[in-house]
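Scroll down for the structure; my scribbles are underneath it.
Here the structure is a predicted model, which is why all the values come from computation and not from measurement. Here is how names work: the chains are called A, B, and so on, in the same order as the sequence lines, proteins then strands, and each is numbered from 1.
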2 protein chains.
Amino acid sequence: MPNTLDDDELAAYFALRDAGSRLQRAVTKHLHGHGLTEVQFSILARLGGSEEGVAMTELARDLVITKSGLTYQAGQLEIRGLVSRQSSPGDERSILVHLTAQGAAVLSETLPSHVALVRELFIDRMPRQDLMIVRDALARVARDG
Amino acid sequence: MPNTLDDDELAAYFALRDAGSRLQRAVTKHLHGHGLTEVQFSILARLGGSEEGVAMTELARDLVITKSGLTYQAGQLEIRGLVSRQSSPGDERSILVHLTAQGAAVLSETLPSHVALVRELFIDRMPRQDLMIVRDALARVARDG
DNA sequence: AGCACATAGTTTGAATTTGAACAATAGGGG
DNA sequence: CCCCTATTGTTCAAATTCAAACTATGTGCT
């Protein structure tokens, strides 16, 4: 394991970092047109798949953001009426975050064009076979264990 | 081009976003131990390959950050004596940023373990053949033109 | 029960990032 | 040369992010 990267390795590393940056930038710009930051959208998207609500800590872990950052953004979304927070029946410390009807409406307004953008910038730029390899390869990156 | 993503496509999208997040998080943590933010490190790394200096706008474009953000971080690095700024001989508007000797020292202290980390978390987690596919596929993501 | 430790979420203040407005220089056409 | 527009970099205020300290609740052990 030498402490240098050859040209191919360096190119792969930069490709990953640049692809992530460029895609994030494009997505951020698109979401801004819908009045959402990327973090806010990812919160709504994650809540969209859960009728029972999601606890703050789990939400922060899933979205790879800090707990304090989530507290701030959950507060912003709550002010706008897109999510609600209620303490968990089982654990008095835990707060379950839910999508409100209004939040669900914003999500379904935003999701189709978000998906179209992801398809245009990422999915449709490579053959399906390569996409599968990328999926499996990236799933192992920086994964614990 | 439907406005939904099938399971494979969704998995690939999340794999890219999550891989980027996890790798960034690990890299950020490592660099913090060397007294650098990721943006600061990327500035030093980019300057490391250029003896003539790099203009602010070009630097911001290469690193996919805003110009004002770069102004701030270049100022931080200049205060610490790691970079210097001087107006370009050719264009009076342009500012060329250079690595100082001290900046080069910090870079060469940090780079080997950074590279080792990238190798451990990314490069060494997939066969070389897949790495090449990932490199080529990601190079096309969200690329203009 | 009582104590120690772990976990959930918030608060706080500082650092960073952003977008818009701004000042200065460059370049092209009349 | 003069105007018009584009480009370069900075400044400013506001928004966001972070890490550390903090409060409150759960869990296990004795």
Flag yes if B/Leu59 and B/Leu36 sit in one hydrophobic cluster, no otherwise; membership is Ile, Leu, Val, Met, Phe, Trp, Tyr, and two members link when side-chain heavy atoms are under 4.5 Å apart. yes
Round to a whole Å and report the spacing from NZ of B/Lys67 to C1' of D/dA6. 11 Å
Within this structure, what is the CG-to-P distance between B/Leu96 and D/dT8, rounded to whole angstrom? 12 Å
Considering every strand and a 4.0 Å limit on heavy-atom distances, what is the contact class for A/Thr71: base, sugar-phosphate, or nothing? base
Could you state the CD-P distance from B/Glu58 to D/dT7, rounded to the nearest angstrom? 15 Å
Gap between atoms CG and P, on B/Leu59 and D/dT7 respectively (whole Å): 19 Å
Not counting sequence neighbours, list each pair that qualifies as a salt bridge (Lys or Arg N to Asp or Glu O under 4.0 Å) and has a residue in residues 100-115 of chain A. none
side-chain hydrogen bond (donor to acceptor under 3.5 Å, both in side chains) with B/Arg93: which residues, sequence neighbours excluded? B/Asp91
So B/Leu82 and B/Leu99, do their side chains get closer than 4.5 Å, heavy atoms only? no
Got a sec, which pairs hit salt bridge (Lys or Arg N to Asp or Glu O under 4.0 Å) with one end in residues 61-77 of chain B, sequence neighbours left out? B/Arg46-B/Asp62
With A/His34 via ring pair (Phe, Tyr, Trp, His ring centres under 6.0 Å) - residues at least two apart: A/His30
Qualifying side-chain hydrogen bond (donor to acceptor under 3.5 Å, both in side chains) pairs with a residue from residues 75-87 of chain A, counting only residues at least two apart or across chains: A/Glu78-A/Arg85
Sequence neighbours excluded, the answer for salt bridge (Lys or Arg N to Asp or Glu O under 4.0 Å) partners of B/Asp8 is A/Arg128, A/Arg135
Using a cut-off of 4.0 Å between protein heavy atoms and nucleotide atoms, how would you tag nucleotides 13-25 of chain C 5' to 3' with B, S and -? --SSBBB-----B
Sequence neighbours left out, what passes ring pair (Phe, Tyr, Trp, His ring centres under 6.0 Å) with A/His114? Give chain and number order. A/Phe41, B/Tyr13
What is the distance from CD1 of A/Ile43 to P of C/dG9, rounded to the nearest Å? 13 Å
Taking both distances under 3.5 Å as the test for a Watson-Crick or G-U pair, what stems of at least three pairs does DNA chain C have? C:1-30 with D:1-30
In whole Å, what is the span from the CD atom of A/Gln86 to the P atom of C/dA8? 18 Å
Across the strands shown, which category fits A/Arg85 at heavy-atom distances under 4.0 angstrom: base, sugar-phosphate, nothing? sugar-phosphate
